[in-house]
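Quick note: residue numbers are just sequence positions, from 1. Just so you know, ligand 1 is whichever comes first in the structure, and atom 1 is the first atom listed for that ligand. Treat the numbers as computed from the prediction; the structure is a model and nothing was measured. We use all heavy atoms of the structure for the numbers below, so side chains are in, but hydrogens, waters and symmetry mates are not.
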Amino acid sequence: MTQKIPILSLTFDDLTRHLKKIFGKGEYHAAAIMREIFLHGNKNFLHVKEFKRSGDLTKKVMTALDVLSLPIVEKKHADGVVKWSSLLSDGHSIESVMIPMTHHHTLCISSQVGCRMGCRFCQTGQMGFVRQLTTEEIVAQVYTAIFQINAPIRNIVFMGMGEPLDNFDAVIKAIHVLTDPRGFAFPKKFITISTAGHIPGIQKLSKSDPKGIHLAISINTANDSLRDQLMPINRKFPLFALQKTLSEYPLKSKGVLFIEYVLIKDINDTDEDADQLANYVAPLRVRINVIPFNSQAGIPYETPSQEKLERFCQRLIDHKLYVRKRATKGNQVMAACGQLGRT
Ligand code: SF4
């Protein structure tokens, strides 16, 4: 039986090595396969010019190539947002979300089934950790979004189910595949990893390739005792240590860290909370994204009023911070921040 080639987990160089080993072919055919699979979603090479003259080889290559397909088992739409659940081969499912922005689409993908971080405001956190996703399963979400959901994607954010830095190797390899110039060729500047504050992962990321991707940190409060409650990871990696790690993170000359702040009614939405946050980020180069929490069954928190949201953001702006107020697009399909994992 011909050895299978899991194309969605491979860069151009990886694929070239596989083709050499199995078929004695090299870069010429690898480039054609990358183009057909990643740019056109085409798995039939019979009429592709690089393969046309060698029918036997073409059939063998097509048989060997394994393009992981994740069947969509549920799909919901609201406000232009599309959220879908994909079935994995072991029966678990994961969620991905396509969010329309003003001029493009952002794709939010999962890195784990469940999550062991246990953030109190997050549906995925309530599931607990089930397993890591493979590189192939991560990239397959992008493949599905492009060729089945059919939306032009510009940004990819690792903000779906899971803590991406807790699945470091698979996520980094997926980014190599996604940014490979012979494949999807996503620019690194349009890829963001969002972490709950996984310090060893941030340190590892700062020393590894690919450089140039964005790092977002879900902070949600600059008060240690409140953060201990909201985000149990804070007991292991407290705010001070996180701040030090972030201050050492290598940014490009005009680069910033994205600070994510889910604003929760009567929990972290006061002037004092805003002042504490401003003090906390003062030594860092940041952009702050404030996202109003969406009320949801089973989570004991509520959405802040519009007035509170405006006031909180203005308070940060008064501290001369660059603030973006995020609309909670998709909350009708539970596709907003912290709502994946329960359809
Ligand atoms: S917010 Fe992110 S890190 Fe926290 S439990 Fe949810 S998925 Fe995990």
*Asks:* Given the side-chain rings of Tyr143 and Phe38, with only the six-membered ring counted for Trp, is the space between their centroids under 6.0 Å?
*Replies:* no
*Asks:* List ligand 1 atoms under 4.0 Å from Ala196, heavy atoms only on the residue side.
*Replies:* 3 (S)
*Asks:* Can you list the atoms of ligand 1 that are under 4.0 Å from a heavy atom of Gly162?
*Replies:* 7 (S)
*Asks:* Tell me whether Cys122 has at least one N, O or S atom under 2.8 Å from atom 8 (Fe) of ligand 1.
*Replies:* no
*Asks:* Should the heavy atoms of other residues, nucleotides or ligands under 6.0 Å from CG of Asp56 be counted, would the total exceed 12?
*Replies:* no
*Asks:* Would you check whether Gly118 reaches within less than 4.0 Å of ligand 1, judged by its heavy atoms?
*Replies:* yes
*Asks:* Should we count NZ of Lys211 as having more than 12 external heavy atoms under 6.0 Å?
*Replies:* yes
*Asks:* Under 4.0 Å, heavy-atom basis, I'd like to know which part of Cys119 is in contact with ligand 1: side chain, backbone, both or neither.
*Replies:* both
*Asks:* If a pair satisfies salt bridge (Lys or Arg N to Asp or Glu O under 4.0 Å) and one of its residues is in residues 137-161, list it, with sequence neighbours excluded.
*Replies:* Arg131-Glu137
*Asks:* Under 6.0 Å between ring centres, would you say that holds for Tyr301 and Phe121?
*Replies:* no
